[in-house]
Every structure is written in structure tokens, then in C-alpha cells.
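In what follows, a structure is listed as C-alpha cells, so that the remarks can point back to it.
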Amino acid sequence: MKIEGSTFVVTGGTGGIGGATAKMLVGLGASVALFDVVPPETGDKFASEVEASGSGKAKALYHKVDITDSDAVRDAVARVVDTLGNLKGVVHCAGVAIKRPWTNDVAESIPNFKKMLDINVTGTFIVNAHIADAINKPLNHPDGTDKHGPFWTTDEERGVIVNFASAAANPYARVLSYGPGKTAVIGITKAMSDFLGPSGIRVCSISPSIVVSAMTANFSPYFSNDLKQHATFPRVPLTADQVTPTIKYIIENVALNGIDIPVDGGWRLVSAKPGNGGGADPRELAPGLE
Ligand SMILES: NC(=O)c1ccc[n+]([C@@H]2O[C@H](COP(=O)([O-])OP(=O)(O)OC[C@H]3O[C@@H](n4cnc5c(N)ncnc54)[C@H](O)[C@@H]3O)[C@@H](O)[C@H]2O)c1
């Protein structure tokens, strides 16, 4: 997909990876619509910064949208089509990682599990669905009436969706709720890729290790220690700018579809105690990642 002149929605667009993505896309000549839940003043200010970082032609607009609210996402995507036009896809970065002190009581995790499923999993399905429907709309309903007409197929590339899973999608002991949710994101990516292929819309995901952002600011040192011990190279947390080239690669490479790309320095997550020879139980290093 050609980036210059296209429009992309960036969910979590004021966050660490989303913000860096928005700047990269505007720098390459695409307009962006940032979907996030921060107050409008904060989002509008950030969108102005993003727009100013480009060459002048590309626009950046903020929409306060909760991605778990299907109607709100549908309406916001429709506004993006009306105001910016030429919608070609989404880089879906909105997500949460809940932290709390560990206990031995697994049942205490149930509310957090439900919340993360809602935002990280159902939210991913909602965003993918409304972006795809908006891209397909002019072709699915040519006369505005034939809502359930025959499916159509095309060889034209018409859209691209980039989701965010995680190295934790291959769950290990210390990501009890977040990990399984990210496994589901990879499942949604593959299922959407299959379903949307005939419409010329590709769907891939990225699985980073630890990226420096608000999400990781209060992580237990367990994770960065594990990265030092079990990554191949580099053995340090990544910056968001080390993740965005893979987003560009997916958008521009028509042959990539239905895959998850690890961006993780070869981190192989294990559930061993630090040092493999004992030491503190990671759950003592609160706050942990739920
Ligand atoms: N940072 C990491 O180490 C890391 C590692 C692997 C995967 N990821 C994934 O990458 C993505 C981006 O993470 P990040 O590091 O930029 O995090 P971040 O916290 O900096 O940004 C996430 C953004 O999502 C927004 N958001 C949260 N709930 C929302 C909702 N219901 N509706 C709309 N927006 C919402 C937040 O306001 C925030 O701006 C997430 O899906 C995350 O799970 C991050």
C-alpha cells in the first residue's frame, strides 16, 4: 500500500507506539486520525504536533473514541472518511496492561482479565471490523440497498490493518491475563486476514518485547531482567522508533498477510526464577503485570 496520500486511523494514537506511528506516517505524507481516550484538549494538541512534524500536506486529527464502543468507533471512522478521505487502513495500538501487586489468589485476577479482554481483544475486533466495513462500503452497497448482496472479490489492494499483539502472546507464567488476550489478538489477525482477503484488505500483527512507553513505566524489574537474561540481541527495552519500521514494512509490502512479526531481539520468554538458580519469586517484585 502506498503511504503517501493515504489516510490511516491510528488507535492509541497519543500513546508511545501510536504517537511514534502517527509521526512516521505523517512524515511519509499520509494523513492520520488519532483515536484515543485522552481529553480532547490533550489529543488536539498532540495532533497539531504530529501535523507540524510533517511536510505540510498531511493532516492529523484527534477523535476521542473508546475502542470498546462499537457505535462510537463506527461513527468516528465515518467522520474520518468524510473529513480526510482515502481511508486505507489502521494501525491499531490502543491497549492496556493492568499492573497490581501479586498474590497467590488467582481469582483476584478475574476482573482484570475481563477488562483486558474487553479492551485488548473485543476492541481489536471492533476496530478491525469498522475499518474494513468503511473501506468496503462503496463496493458492498453500490446502490445503498443491496446490504446482503453477493460477496465480491478483487485483485486490487484496498486496505491494510496492523494489530498489536505482544511477545507475551506466547503466554508464560508472569502475564496471566494480558498474555492470553494477546494470543487472541493473533487469532483475530489470522481470522480477519482470511475473511477480508477477498476484499483486498490485508491484516498482520506485530509482537514487540518491551517498548519504553507509559504502559511499561511501572513494570516490575522482573521483565527487564528477564530480557537481559533471555533475549539474544539487543538485550534492552526498545524505543517506539525501533518498532515503527516494521509497521512501514507491513503497510508497504503487499505480500505480507495473516502473519505476526516478532520485534523482540530474540527474547524467549521463560517462567524460571531470576538467575535460573533461585532468587526471589518474580511475584514479590510488585507491581507486576497482571
Ligand atoms: N510497550 C510495550 O512494551 C508493549 C509490548 C508489547 C505489545 N505492546 C502493545 O502495543 C500497543 C501499544 O502500546 P504502547 O506501549 O504504545 O502503550 P501506551 O500505554 O503508551 O499507549 C496505549 C494507548 O491506548 C490508549 N487506550 C487505552 N484504552 C483505550 C480505549 N479503550 N480506547 C481507545 N484508546 C485506548 C491509551 O490512552 C494510550 O494512549 C498495545 O496494544 C500494547 O499492548 C506494547
Side-chain angles (χ1 to χ4, degrees), residues 9-24 33-40 42-43 45-47 50 62-73 76-77 90-99 112 114-128 130 161-172 174-175 177-186 188-189 205-220 222-224 226-227 231 236-244 246-247 260-265 267 269 289-290:
V9 169
V10 182
T11 70
T14 71
I17 297 174
T21 300
K23 285 182 180 159
M24 175 191 71
L34 312 180
F35 288 9
D36 209 308
V37 287
V38 299
T42 313
K45 186 165 174 273
F46 186 71
V50 170
Y62 177 65
H63 295 262
K64 185 168 186 287
V65 194
D66 183 334
I67 58 154
T68 64
D69 182 341
S70 173
D71 290 351
V73 173
V77 172
V90 62
V91 183
H92 170 46
C93 304
V96 291
I98 300 172
K99 298 145 211 160
N112 289 338
K114 286 184 173 174
K115 184 172 177 193
M116 281 194 276
L117 278 192
D118 196 28
I119 298 174
N120 294 351
V121 181
T122 309
T124 296
F125 196 95
I126 288 172
V127 167
N128 285 214
H130 286 304
I161 294 173
V162 182
N163 290 323
F164 267 85
S166 167
N170 185 13
Y172 74 133
R174 312 309 174 198
V175 285
S177 308
Y178 179 82
K182 290 299 186 179
T183 313
V185 170
I186 293 180
I188 291 169
T189 298
S205 59
I206 296 175
S207 281
S209 54
I210 298 177
V211 183
V212 178
S213 75
M215 182 175 279
T216 50
N218 297 314
F219 268 11
S220 154
Y222 170 71
F223 294 100
S224 41
D226 192 90
L227 193 68
V236 290
L238 303 172
T239 62
D241 289 337
Q242 290 171 315
V243 177
T244 50
T246 305
I247 297 169
D260 179 68
I261 302 183
V263 178
D264 64 2
W267 190 20
L269 301 180
L289 178 59
E290 174 65 281

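Everything numeric in this text was worked out from a predicted model, so none of it was measured. Start at 1 and go down the list; that is how both ligands and their atoms are numbered.
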Pick whichever of [options] has a heavy atom sitting closest to [atom].
atom	options	value
atom 34 (N) of ligand 1	Ser205, Gly19, Ala94	Ala94
atom 2 (C) of ligand 1	Thr68, Val10, Val211	Val211
atom 18 (P) of ligand 1	Gly12, Gly16, Gly95	Gly16

Taking 4.0 angstrom as the limit and counting only heavy atoms of [X], give me the atoms of ligand 1 inside it, by number and element.
X	result
Asp66	30 (C), 31 (N), 32 (N)
Ile210	3 (O)
Gly15	20 (O), 21 (O), 39 (O)
Phe164	10 (O), 11 (C), 41 (O)
Thr216	1 (N), 2 (C), 3 (O)
Ser213	1 (N), 14 (P), 15 (O), 17 (O), 20 (O)

* Asked: Side chains of Val127 and Val90: does their closest heavy-atom pair fall under 4.5 Å?
  ->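 Yes - at least one pair of side-chain heavy atoms lies under 4.5 Å apart.
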* Side chains of Val211 and Ile17: closer than 4.5 Å at any heavy-atom pair? ->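 SC-SC contact between Val211 and Ile17 confirmed.
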For [atom], what is the closest protein heavy atom, and at what distance to 0.1 Å?
atom	answer
atom 43 (O) of ligand 1	Tyr178 OH, 2.6 Å
atom 32 (N) of ligand 1	Ile67 N, 3.0 Å
atom 16 (O) of ligand 1	Ile17 N, 2.8 Å
atom 29 (C) of ligand 1	Val37 CG2, 4.0 Å
atom 17 (O) of ligand 1	Met215 CB, 3.5 Å
atom 36 (C) of ligand 1	Asp36 OD1, 3.3 Å

* To do: Could you please spell out the steps behind the side chain to side chain contact (heavy atoms under 4.5 Å, CB included) verdict for Ile247 and Met24?
  => CA-CA 10 Å; Ile247 297 169; Met24 175 191 71; 4.1 Å; yes
At a 4.0 Å cut-off, with the gap strictly under it, does some heavy atom of [X] reach an atom of ligand 1?
X	value
Lys182	yes
Ser209	yes
Thr11	no
Val65	yes
Ala165	yes
Cys93	yes
Pro208	yes

At what distance, to the nearest 0.5 angstrom, does [atom1] of [X] lie from [atom2] of [Y]?
X	Y	atom1	atom2	value
Phe125	Ile188	CZ	CD1	7.0 Å
Asp66	Ile119	CG	CD1	7.0 Å
Lys182	Asn120	NZ	CG	4.5 Å
Ile186	Phe164	CD1	CZ	12.0 Å
Thr216	Ile210	OG1	CD1	7.5 Å
Tyr62	Leu34	OH	CG	8.5 Å

* To do: Determine the minimum heavy-atom distance between Val212 and Pro237, stating which atoms define it.
  =>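 In terms of heavy atoms, the two residues are closest at CG2-CB, 4.0 Å.
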* Asked: Do you know which two heavy atoms are closest between Val263 and Ile206, and how far apart they sit?
  ->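 Taking every non-hydrogen atom into account, CG2-CG2, 3.7 Å.
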* To do: Could you check Ile161 against His92 for side chain to side chain contact (heavy atoms under 4.5 Å, CB included), going step by step and ending with a plain yes or no?
  => CA-CA 8 Å; Ile161 294 173; His92 170 46; 5.6 Å; no
* Would you check whether Ile119 has a nitrogen or oxygen atom less than 3.5 angstrom from a nitrogen or oxygen atom of ligand 1? =>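 Checking ligand 1 against Ile119, no N or O pair falls under 3.5 Å apart.
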* Does the pair Asp69 and Val73 meet the rule for a side chain to side chain contact (heavy atoms under 4.5 Å, CB included), with working shown? -> CA-CA 6 Å; Asp69 182 341; Val73 173; 5.5 Å; no
* Test Asn128 against Asn163 for side chain to side chain contact (heavy atoms under 4.5 Å, CB included), laying out the working first. => CA-CA 9 Å; Asn128 285 214; Asn163 290 323; 2.9 Å; yes
